[in-house]
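Right, one structure below, let's go through it.
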Amino acid sequence: MTLDILYFAWLRERLGLPRETVETEAATVADLVAQLVAREERYAFVFGDTTGLRVAVDQVLTDFDAPLSGAREVAFFPPMTGG
Amino acid sequence: MTLDILYFAWLRERLGLPRETVETEAATVADLVAQLVAREERYAFVFGDTTGLRVAVDQVLTDFDAPLSGAREVAFFPPMTGG
Amino acid sequence: MEIRVQEAPFDMGAEIGRFAAGRTDMGAIVTFSGLVRDTDDGLRAMEIEHYPGMTEKALTGIAEEAQRRWSLGDVLVIHRFGALAPGEQIMMVATAAPHRADAFAAAEFLMDYLKSRAPFWKKETTAEGASWVEAREADEDALRRW
Amino acid sequence: MEIRVQEAPFDMGAEIGRFAAGRTDMGAIVTFSGLVRDTDDGLRAMEIEHYPGMTEKALTGIAEEAQRRWSLGDVLVIHRFGALAPGEQIMMVATAAPHRADAFAAAEFLMDYLKSRAPFWKKETTAEGASWVEAREADEDALRRW
């Protein structure tokens with residue numbers, strides 16, 4: 001499965017990239033995070049504590065247990081501060 | 001004591017006058033109302049049930065027990081409907 | 001703080017633009033405006049009577065109380081009297097505050113008190129004739145939450 | 001219902017004037033606008049990042065939920081992104097309803113959800129440097145009242 005992964009705010013800055021495309025068989029968001037963390041040091045830093053992070057699958061806010069089957073876009077970001 | 005008495009909304013319309021000046025020794029608003037009611041039939045109609053009425057003494061909302069000593073202006077009206 | 005009681009129409013957009021302009025210390029502005037609403041039996045006109053002198057005092061007192069209760073930068077109240085047509089603006093309040101909770105609470109407080117404690121009376125003319133608007137119990141109840 | 005996410009400034013007064021114009025079926029209009037506030041350590045600039053695509057969806061979903069919960073005639077949401085200076089308008093919401101309680105509740109609901117559920121992130125630059133604004137626990141708590 002090909003996934004577009006997007007990063008916003010300080011995650012984008014720390015990783016040094018706003019988006020990337022990955023090939024993955026991850027079943028859930030948490031599986032995907034584990035794969036990323038295993039890949040490079042900078043991901044381990046960003047995803048060290050996911051309790052303070054938010055995730056959206058195909059532009060809908062969800063949680064780290066969410067399944068990825070059929071997903072095309074996953075976004076990671078800190079809590080929102082609009083308004 | 002000389003008092004200006006003002007009437008608003010349907011009280012003004014029913015009495016047929018927006019204001020009048022009276023000489024009175026009424027000690028309280030309720031005393032003043034009793035004097036007016038004794039004076040003419042149309043006052044009896046308007047003040048028949050004061051629970052649905054409001055009163056202001058010198059432009060400050062108060063109640064029918066309020067003393068009138070030193071007062072110069074008393075206004076009677078229905079509940080307000082601004083906004 | 002600005003309190004205006006006037007017969008003339010006002011331009012709500014222009015008033016709010018002016019109220020908000022140039023503030024760098026306030027994060028939140030809340031406005032409420034009341035419009036003459038068409039009724040089911042076809043409202044033709046609304047007439048608002050008020051008590052000159054007391055009206056200004058009552059509105060000023062309500063606005064001062066709001067400023068005591070919440071951290072506000074500014075308050076604006078405009079209320080019209082006289083003849084109004086459906087769709088016309090009857091009144092507006094605006095509050096500016098560093099934080100949104102204060103701006104919202106103060107605007108609702110102003111409206112609740114203005115409704116039942118400022119000396120205005122509405123008379124509606126419809127196809128059925130003219131009648132004074134009756135105060136709603138809900139409006140008196142609304143005061144109890146403050 | 002109108003949802004706009006834009007980089008360009010907007011004229012709050014003109015937007016509200018337009019939103020309110022010609023309504024004869026709505027008695028109440030409530031607006032909220034958020035302004036860039038100067039901070040104690042001297043805010044120089046604010047940068048707002050957002051998630052194009054999801055932002056519009058999230059705001060539309062929040063506005064639709066408000067319309068389900070309250071009797072509303074109309075809803076307007078405008079939110080900017082990009083670089084903003086102190087005093088500039090970040091965003092606004094407006095609600096029109098037959099009655100004021102609905103207009104107020106819906107506007108507060110929109111703000112509470114927009115704050116914590118629409119994908120915007122603020123970065124502030126002061127004399128001390130640049131930093132991402134942290135979400136406040138109070139904002140998350142505010143959602144629980146609905």
Side-chain angles (χ1 to χ4, degrees), chain B residues 1-22 26 28-29 32-33 36 42-83, chain C residues 3 5 32-37 46-62 77-82 84 89-93 107-124 129-143:
Chain B
M1 151 175 78
T2 306
L3 276 182
D4 284 327
I5 309 186
L6 285 69
Y7 305 100
F8 291 96
W10 69 258
L11 283 79
R12 173 181 56 72
E13 290 182 336
R14 286 293 177 104
L15 291 171
L17 81 174
R19 65 190 301 153
E20 61 185 322
T21 302
V22 300
T28 66
V29 172
L32 175 64
V33 167
L36 292 168
R42 56 181 175 162
Y43 291 98
F45 180 86
V46 160
F47 289 110
D49 177 11
T50 56
T51 58
L53 298 184
R54 300 285 183 270
V55 59
V57 173
D58 290 333
Q59 305 190 348
V60 174
L61 211 58
T62 183
D63 53 54
F64 285 76
D65 296 332
L68 287 179
S69 72
R72 296 169 57 178
E73 183 173 304
V74 178
F76 295 102
F77 39 81
M80 290 88 139
T81 54
Chain C
I3 308 288
V5 181
F32 174 91
S33 58
L35 280 62
V36 180
R37 194 156 62 97
M46 175 176 280
E47 177 85 23
I48 298 179
E49 183 169 334
H50 80 120
Y51 183 173
M54 178 172 167
T55 308
E56 293 78 0
K57 276 186 208 172
L59 293 177
T60 301
I62 293 166
V77 180
I78 304 175
H79 204 302
R80 293 177 63 193
F81 59 90
L84 289 89
Q89 284 147 17
I90 303 171
M91 50 78 62
M92 64 166 286
V93 304
E108 291 198 68
F109 171 89
L110 287 168
M111 283 309 304
D112 285 350
Y113 269 82
L114 186 155
K115 272 254 170 211
S116 307
R117 293 288 181 269
F120 292 101
W121 301 274
K122 291 196 186 103
K123 189 178 193 176
E124 290 178 344
S131 65
W132 291 96
V133 173
E134 290 200 32
R136 295 164 61 225
E137 243 179 79
D139 286 329
E140 194 62 32
D141 290 345
L143 297 185

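Order of the sequence lines sets the chain letters (A, B, ...), proteins ahead of strands, with each chain counted from 1. What you are looking at is a predicted structure, and each value in this text was computed from that prediction instead of being measured.
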Of the listed C:G34, C:A58, C:S116, the one with the largest count of heavy-atom pairs under 4.5 Å with chain B is C:S116

Measure distances from C:K57 to the heavy atoms of chain B and classify the residue's part below 4.5 Å as side chain, backbone, both or neither.
-> side chain

Below 4.5 Å from any heavy atom of chain B, which atoms of C:I90 appear? Answer side chain, backbone, both or neither.
-> side chain

Indicate yes or no for a side-chain donor-acceptor contact from B:D4 to the backbone of B:T21 under 3.5 Å, with no hydrogens or angles considered.
-> no

Is it the backbone or the side chain of B:A56 that comes under 4.5 Å from a heavy atom of chain C, or both, or neither?
-> side chain

Near B:R14 CZ, under 6.0 Å, is it more than 12 heavy atoms from other residues, nucleotides or ligands?
-> no

Select, from B:G83, B:P78, B:P79, the one with the greatest count of heavy-atom pairs under 4.5 Å involving chain C.
-> B:G83

Applying the ring pair (Phe, Tyr, Trp, His ring centres under 6.0 Å) test to B:F76, which of B:F8, B:F47, B:W10 qualifies?
-> B:F47

Part of C:R117 lying under 4.5 Å from any heavy atom of chain B | both

Pick one of side chain, backbone, both or neither for C:E140, based on which atoms fall under 4.5 Å of a heavy atom in chain B.
-> side chain

Applying a strict 4.5 Å limit to non-hydrogen atoms, the region of C:K115 in contact with chain B is both

For C:F81 and C:Y51, what are the C-alpha separation, side-chain angles and deciding distance, and is it a side-chain contact (heavy atoms from CB on, under 4.5 Å)?
-> CA-CA 10 Å; C:F81 59 90; C:Y51 183 173; over 6 Å; no

Polar side-chain atom of B:D65 near backbone of B:T28 as donor-acceptor pair, under 3.5 Å = no

Stepwise side-chain contact (heavy atoms from CB on, under 4.5 Å) test for C:L59 and C:M91 | CA-CA 12 Å; C:L59 293 177; C:M91 50 78 62; over 6 Å; no

